[in-house]
Amino acid sequence: MMNQLKLSFAKYLLNSLALLFMLIGIGSKVFAQKKAKLAIYDKKNLIAWCIVPFDSKKRGPEERAEMLKKLGINKLAYDWRDEHIPVFDKELKVLKENNIKLQGFWFASGPNPEKDKNLQVILDMLKRNKAKTQLWCTFWGFDQESQIEKVKTASVAVGYVAGKLAEIGCSLGLYNHGGWFGEPENQVQIIDYLKMPNIGIVYNFSHSEHQIDRFSQFYPKILPHLYAINLTGLKGGIPATVVPVGEGNMEEGLMRTIMNSSYKGPIGIINESFAPDAEDGLMMNMKGIKEILEKLKISK
């Protein structure tokens, strides 16, 4: 009898230990999966954006690279004004020297980009420096009456720029900046119409004030085309007010949706109007991301 009891207890103990190890394994797997999802918001995956013209210190290429290295950011999307054109080449040289990736380069155009002298300046500069990057571009001026006419006319402009970029090994990121072209569904229609492999989407919270209530509807449509997502905070209703990350009431839920999707690309943070000093603006957003990540780590 005693031997049978000992044997039964031993079996019970072994089964209990097996169950415990199984639960630990499941827990570890779930933790690892969540950690992998949260990794898109890691510092090493962040892009600094809207920091060149929006900087009271008017940093040059060297000072800007130094600031990014100090913050631990290794990607820059370059927005510019006419006064920055003479230093385009120097900017790329300094970025390369400091192992900072040129993630994107800003360009805005009407329906006839072939007439825009700055486009050729950018293309020549990228080719000269053998830079393989994305042109983040918004377009405007499509006033045709029907939707299909707008798609066709916009596709001519988009296709022209994408074709020129393809010649030098670069891509075109369609950038929402208001108007008809800034609606995600319209950008997807243009991509589907052209079927060019080097066209994607750069989605910006900072220009989503009038459309963010539809995010759950259009996000699955733009997801296969996403090159980057640029975060801000969003506060209030519709239209939402753009604020630094962590100061709104919408971005936590949106970040959770992105985290739980198949998106694995980079995440942009901006300064623009958040702070006079670009460094302060970036730090505000990094702080907000860190605070939201703490909530996302413990949420289901």
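Numbering starts at 1 and runs along the sequence shown. No experiment lies behind these values; they were computed from the predicted model shown.
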Test side-chain hydrogen bond (donor to acceptor under 3.5 Å, both in side chains) applied to Lys69 and Asn98, step by step: CA-CA 8 Å; Lys69 290 177 72 174; Asn98 287 274; 3.3 Å; yes

Side chain to side chain contact (heavy atoms under 4.5 Å, CB included) assessment of Cys137 paired with Leu172: CA-CA 7 Å; Cys137 188; Leu172 176 63; 3.6 Å; yes

From CA spacing to verdict: side chain to side chain contact (heavy atoms under 4.5 Å, CB included), Phe181, Val158: CA-CA 11 Å; Phe181 184 84; Val158 170; 4.0 Å; yes

Side chain to side chain contact (heavy atoms under 4.5 Å, CB included) evaluation trace for Phe205 with Val242: CA-CA 8 Å; Phe205 281 21; Val242 176; over 6 Å; no

Side chain to side chain contact (heavy atoms under 4.5 Å, CB included) between Phe215 and Met250, worked out: CA-CA 11 Å; Phe215 188 79; Met250 300 182 187; over 6 Å; no

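In terms of heavy atoms, Asp55 sits closest to Ala278 at OD1-N, 3.3 Å. Of all heavy-atom pairs spanning Ile292 and Val245, the tightest one is CD1-CG1, 3.9 Å. Asn45 and Gly265 make their closest contact through ND2-O, 2.9 Å (heavy atoms, listed as atom of the first residue, atom of the second, distance). What you find for Ala275 and Asp280 is that their closest heavy atoms are CB-CB, 3.8 Å. His84 approaches Val52 most closely through the heavy-atom pair NE2-CG1, 3.6 Å. What you find for Tyr41 and Met259 is that their closest heavy atoms are OH-N, 3.9 Å.
Under a 3.5 Å cut-off, the side chain of Ser146 and the backbone N or O of Glu149 do form a donor-acceptor pair. Lys43 places no side-chain N or O within 3.5 Å of a backbone atom of Met286 that could act as its donor or acceptor partner. Side chain of Lys96 to main chain of Ala131: no donor-acceptor pair is present (N/O by atom type, distance under 3.5 Å, no hydrogens or angles). Counting only distance, with no hydrogens or angles, the side chain of Asn186 and the backbone of Trp180 share a donor-acceptor pair below 3.5 Å. With hydrogens and angles disregarded, a donor-acceptor distance shorter than 3.5 Å links the side chain of Asn198 to the backbone of Ala162. Side chain of Gln103 to main chain of Thr133: no donor-acceptor pair is present (N/O by atom type, distance under 3.5 Å, no hydrogens or angles).
Each of Arg59, Lys57, Arg64 was checked for a side chain to side chain donor-acceptor pair (under 3.5 Å) with Glu279, and the lone residue meeting it is Arg59. Just one residue in the list Arg214, Gln217, Lys221, Gln147 forms a side chain to side chain donor-acceptor pair (under 3.5 Å) with Glu185, and that residue is Arg214.
Once rounded to the nearest 0.5 Å, the distance linking SG of Cys50 with CG of Asn271 reads 8.0 Å. In this structure, CG on Leu174 lies 11.0 Å from CD on Gln134, to the nearest 0.5 angstrom. Taken to the nearest 0.5 Å, the CD1 atom of Ile267 stands 5.0 Å off from the CG atom of Leu231. Between the CD1 atom of Ile190 and the NZ atom of Lys150 there is a distance of 11.5 Å, given to the nearest 0.5 Å. How far NE2 of His207 is from CG of Asn176: 7.0 Å, rounded to the nearest 0.5 Å. If you take CD on Glu91 and CD on Glu62, they are separated by 8.5 Å, rounding to the nearest 0.5 Å.
Salt-bridge formation is not detected for the pair Lys70/Glu66: no Lys NZ or Arg NE/NH1/NH2 atom is positioned less than 4.0 Å from an Asp or Glu carboxylate oxygen. Ion pair Glu291/Lys287 flagged as a salt bridge, since at least one NZ, NE, NH1 or NH2 atom sits closer than 4.0 Å to an Asp/Glu carboxylate oxygen. Taking 4.0 Å as the cut-off between side-chain N and carboxylate O, Glu294 and Lys290 do not count as a salt-bridged pair.
Between the side chains of Asp89 and Asn129, at least one donor N or O lies within less than 3.5 Å of an accepting N or O. Judged purely by distance below 3.5 Å, without hydrogens or angles, the side chains of Thr257 and Tyr219 never pair a donor atom with an acceptor atom.
Using cut-offs of 30° and 60° for the angle between ring planes, the Phe105 and Phe88 rings count as perpendicular. The aromatic rings of Trp106 and Trp49 are tilted relative to each other, their planes meeting at an angle between 30° and 60°. Note: Tyr203 and Phe218 have tilted aromatic rings, judged against thresholds of 30 and 60 degrees for the angle between ring planes. Under the 30°/60° scheme for interplanar angles, the aromatic rings of Phe139 and Phe142 are found to be tilted.
In the displayed structure, Lys90 atom NZ is contacted under 6.0 Å by at most 12 heavy atoms of other residues, nucleotides or ligands. Within 6.0 Å of the CE atom in Met283, the count of heavy atoms belonging to other residues, nucleotides or ligands does not exceed 12. Shown here is Glu145, whose CD atom has no more than 12 heavy atoms of other residues, nucleotides or ligands within 6.0 Å.
For residues 229-247, the set of pairs meeting the side-chain hydrogen bond (donor to acceptor under 3.5 Å, both in side chains) definition, not counting sequence neighbours, comprises Asn204-Asn230.
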